Structures are given as C-alpha cells and as structure tokens.
Protein chains: 2
Amino acid sequence: MTDGVVERSRPRDRILETAQDMFHKHGIKGVGVDAITEAAGTNKMTLYRHFESKDELIIECLRATAAKTARIWDEFEARHPGDKLAQLHAWVQKASEMLSADCRGCDMANAAVELSETDHPARRVIKELKEAQREKLVALCRDAGVGQAELLADTLSLLLEGARVSMQSVGAEGPSAQFVRMAEGLIASFRSR
Amino acid sequence: MTDGVVERSRPRDRILETAQDMFHKHGIKGVGVDAITEAAGTNKMTLYRHFESKDELIIECLRATAAKTARIWDEFEARHPGDKLAQLHAWVQKASEMLSADCRGCDMANAAVELSETDHPARRVIKELKEAQREKLVALCRDAGVGQAELLADTLSLLLEGARVSMQSVGAEGPSAQFVRMAEGLIASFRSR
DNA sequence: TCTGGAAGTTACAGACCGGTAACACCCTAG
DNA sequence: CTAGGGTGTTACCGGTCTGTAACTTCCAGA
C-alpha cells in the first residue's frame with residue numbers, strides 16, 4: 001500500500017534529490033527553480049512551501065551532498081575495520097574513481113566559485129563542511145601512523161581538489177590522470193620518514 | 001595631445017580590461033554586459049560593435065589573462081637568465097603570492113566551472129591555454145634537471161590549482177597555507193632521486 | 001462521511017538578461 | 001569646410017529569473 005521508494009517519495013525529497021543532481025550537472029546559476037520542480041515532477045509553489053528561498057535550497061543540497069560523502073567514509077571503516085592505513089588507501093582509490101571522464105568536480109568547491117558574493121549564506125556552510133572533511137582526513141592520516149599527518153592530509157586535499165578542477169578545464173587526460181601515483185607516492189614518502 | 005594612457009584609452013581596451021576585472025571578481029554569470037559597459041565608462045552598443053557576443057568577450061578576456069600570465073614567465077627568465085632551477089623556485093614563490101586572502105582563483109578554471117555546457121565555445125580556448133601552460137611548466141622542470149619532469153610539473157599544477165580553489169571554500173588559513181612547503185618539498189624530493 | 005492540510009494549477013509581479021534599432025553627436029582626416 | 005567613422009543615447013524586444021497570490025484538487029485520519 002505504501003508508495004514506491006524512489007518514484008513516489010515525498011515532494012520535498014524529490015526536489016532535494018533533483019536539485020542536487022541538476023546543480024551538480026549544470027551549476028547553481030545555470031539552473032532555475034522552475035526547471036528543478038518540473039524535473040522533480042512537482043511545481044514551484046510546493047518548492048517554496050518546503051524551502052524559504054533558492055539559497056536555502058542550495059544550502060540543504062550542500063548538506064545532503066556532505067552527508068553522502070560521510071556515508072562513504074563509513075564504508076571505509078566497515079570494509080577495513082580498525083585498519084586506518086588500509087582506509088587511507090581506500091580513500092585514494094575512491095577519490096580516483098571520482099575522476100571519471102565527465103567529472104564535474106566537488107559541489108562545494110564549485111558553489112564557492114559560483115557564489116562570489118562574500119556574504120552569501122551558503123559560504124558559511126561550505127566552510128564548515130569543508131573544515132569537517134579536512135579534520136576527518138587529518139585524523140585518518142594520524143591514526144594511520146603517519147608523521148606530519150596534517151601536512152600529508154592537506155597535501156592530499158589540495159591534490160584531489162586540484163585534480164577535480166583540472167579535469168574540468170583540460171579533461172581526464174591532463175595532470176589529474178596521475179592522481180593515484182602522486183597520492184600513493186606521497187603516502188609512501190611520508191611513512192618512510 | 002595624445003590622451004591619458006589609462007583613463008582615456010580606447011573603448012575596446014577599457015571594456016576588455018573592465019570585463020576581465022569584473023569577471024574575475026564576480027564570476028562570469030554574475031556580471032551582465034550593462035554593468036561592464038557602465039563600469040568601463042561606455043555603453044552597450046559600443047561593446048557589441050567590438051565583440052559579437054558576450055561569449056566572444058569572455059574568450060577575449062581569457063586570452064588576455066593568459067597573456068598576462070605569459071608575461072610573468074618572461075619575468076622569471078629575465079630575472080634568472082638561463083638558471084632554470086631558480087626560475088622554478090621563482091614560480092613557486094610567485095604562485096604563493098597569488099594565494100592572498102581575497103584570492104578568487106584561476107579565471108580559466110573558474111570559467112570552466114561556471115560554463116558547464118560542454119559545447120560552450122570558451123571551453124576549447126580554456127583547454128588550449130591550460131595545455132600550453134602545462135607544457136611550459138613541464139619544460140621548466142625538465143630544463144631544471146629534474147627526473148620525471150612531467151610528473152613533478154603535473155603534481156605542482158594540481159597543488160596550485162587545488163590551493164586556489166581551496167582558498168575560496170575554506171579561506172587562506174586552510175590547506176593552501178602550506179603550499180610553499182609542499183611545493184619545495186616536492187622539488188627537493190624529485191631532485192634527490 | 002466530513003474535515004483539514006498538503007499538493008497542484010494558473011497567473012502574475014518586478015527585476016534582470018543579452019542583443020538590436022534608430023538616431024544624434026563629435027572629432028579628425030581630407 | 002566637409003564627409004565619414006567611431007561613439008553616445010534612448011528605447012525597445014523577447015526571454016528568463018525568483019518569488020507570490022488565489023484558487024482548486026486530492027487524500028488521509030477522525
């Protein structure tokens with residue numbers, strides 16, 4: 001008697017999921033609320049009953065994306081329980097998989113680029129979420145027994161961030177193609193120190 | 001009798017310079033042609049007499065920015081003639097200086113993020129210009145006597161690209177603060193191999 | 001069966017967008 | 001002095017954007 005899990009979920013969930021997808025593919029300023037609601041099989045009034053503005057919707061989308069990323073980290077722990085070094089290698093592997101041909105980069109970084117107004121409400125959220133992710137990676141490096149865990153984590157961060165944006169300018173055959181080699185080389189280098 | 005160099009330059013030049021500045025600060029989709037022409041002290045008709053469309057103006061702006069970057073490279077050669085290793089260190093130094101507090105990142109990378117349409121005419125130009133810059137850095141690394149010059153150049157590329165985008169999400173106190181240490185460490189590591 | 005709230009529909013406001021037409025102006029080269 | 005090209009001005013087109021109003025429909029729970 002209950003509706004289908006995906007197709008017939010509640011309008012709010014459909015809007016959120018559709019908006020995430022469309023913001024990711026076409027950029028925030030490249031998608032209007034009309035297009036989102038239509039793709040979500042609903043209408044504009046319903047959107048504005050659940051989200052007080054487009055900015056609020058953007059923020060909720062970023063939070064949802066961050067939550068998805070957090071679930072991937074749980075997967076690392078589940079697959080390699082207690083083995084932090086293995087989890088770090090899994091992180092590299094997972095990161096490289098995100099560098100597929102049609103990669104559109106990190107939603108939060110892209111949003112920061114698009115929303116250039118320094119007082120945009122989404123900026124605070126982006127900073128918070130990114131800082132949380134940074135701390136997680138630092139903790140992983142430290143628990144993996146690497147010296148200078150902060151430096152390794154930050155270097156890996158920048159490499160991935162760079163790879164994701166580089167893909168969008170020069171494509172998958174550019175510098176980002178060497179991401180795994182760079183990251184593994186770095187980890188090895190930091191561990192032997 | 002000739003006009004002042006900056007204030008009274010020709011409309012086309014003023015438009016180009018103003019557009020570069022405004023695109024950089026507010027993003028491409030965040031600036032309309034009206035705002036550009038007004039800031040340039042001219043009007044929309046004059047803009048469209050010199051550029052056939054906004055897209056064309058965007059492309060000319062990207063070319064102009066790339067030309068400015070090329071001039072910085074000439075500076076390296078002028079300051080350290082023949083000493084490619086010193087030029088590589090100068091590149092790191094210059095790159096770190098671009099990571100100031102209000103850094104808005106690389107115009108080409110930002111444009112690639114904003115212009116998500118895969119067939120946008122600016123995308124070809126971005127790819128060409130970025131590939132040219134990559135080849136320059138590879139050549140510099142090779143001429144500096146570094147083994148695996150391509151890998152070092154690509155790693156430095158990704159680090160810088162990542163630092164410039166990271167600044168916009170988490171600010172200057174984030175991972176990008178360690179850019180110089182990372183880059184110099186990499187260069188030393190590659191040279192001692 | 002009745003009721004109340006969630007959702008859909010249509011229309012609209014007000015602003016901004018890229019781009020064009022028509023015309024007046026000024027300054028310089030001949 | 002004059003002709004003409006570059007420039008400025010104003011008005012406009014059709015479209016899109018976020019956000020709202022007023023109304024209808026539907027459906028679940030009492």
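Just so we're clear, the structure is a prediction, and the values are computed from it rather than from any experiment. In the text below, chain A, chain B and the rest are named by the order of the sequence lines, each starting its count at 1.
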Between C:dC23, C:dG8, C:dT20, which nucleotide has the shortest distance from any of its atoms to the side chain of B:R49?
C:dC23

Between B:R71 and B:E75 (salt bridge meaning N to carboxylate O under 4.0 Å), is one present in this structure?
no

Whole-Å distance, B:E38 CD to C:dC16 C1', equals 14 Å

Nearest-angstrom distance from the residue atom NZ of B:K29 to P of C:dG18:
11 Å

Between C:dC25 atom C1' and B:N43 atom CG, what is the distance in whole Å?
12 Å

Side chain of A:T46 - closest among C:dT20, C:dG8, C:dT9:
C:dG8

Does CD belonging to B:E97 count more than 12 external heavy atoms closer than 6.0 Å?
yes

When the distance from CD1 of B:I36 to P of C:dC16 is rounded to whole Å, what number comes out?
16 Å

Nucleotide interval of DNA chain D bounded by contacts with chain A (heavy-atom cut-off, under 4.0 Å)
D:dT18 to D:dA22

Should B:L129 and B:T65 count as side-chain neighbours, where that means a heavy-atom distance under 4.5 Å?
no

Pairwise N/O distances under 3.5 Å, protein to nucleotides 13-15 of chain C:
none

Pair B:E77 + B:K84, salt bridge at N-O below 4.0 Å:
yes

Using a 6.0 Å cut-off, check whether atom CD of B:E38 has over 12 heavy atoms from anything other than its own residue.
no

Which distance, rounded to the nearest 0.5 Å, do you find between the CD1 of A:I72 and the NZ of A:K94?
5.0 Å

Below 4.0 Å: OP1/OP2 of C:dA6 and any side-chain N or O of A:H50:
no

Please determine whether residues A:Y48 and A:I28 belong to a single hydrophobic cluster, defined as Ile, Leu, Val, Met, Phe, Trp and Tyr linked transitively by side-chain heavy-atom distances below 4.5 Å.
yes

Euclidean distance, atom CG of residue B:L115 to atom C1' of C:dG18 [Å, nearest integer]
15 Å

Got a donor-acceptor contact below 3.5 angstrom from the A:Q178 side chain to the B:T155 backbone?
no

Do B:N43 and B:T46 have side-chain N/O donor and acceptor atoms under 3.5 Å apart?
yes

Taking atom C1' of C:dT9 as reference, at what distance in whole Å does atom CE of A:M45 sit?
11 Å

In whole angstrom, give the distance that lies between atom CZ of A:F51 and atom P of C:dA7.
11 Å

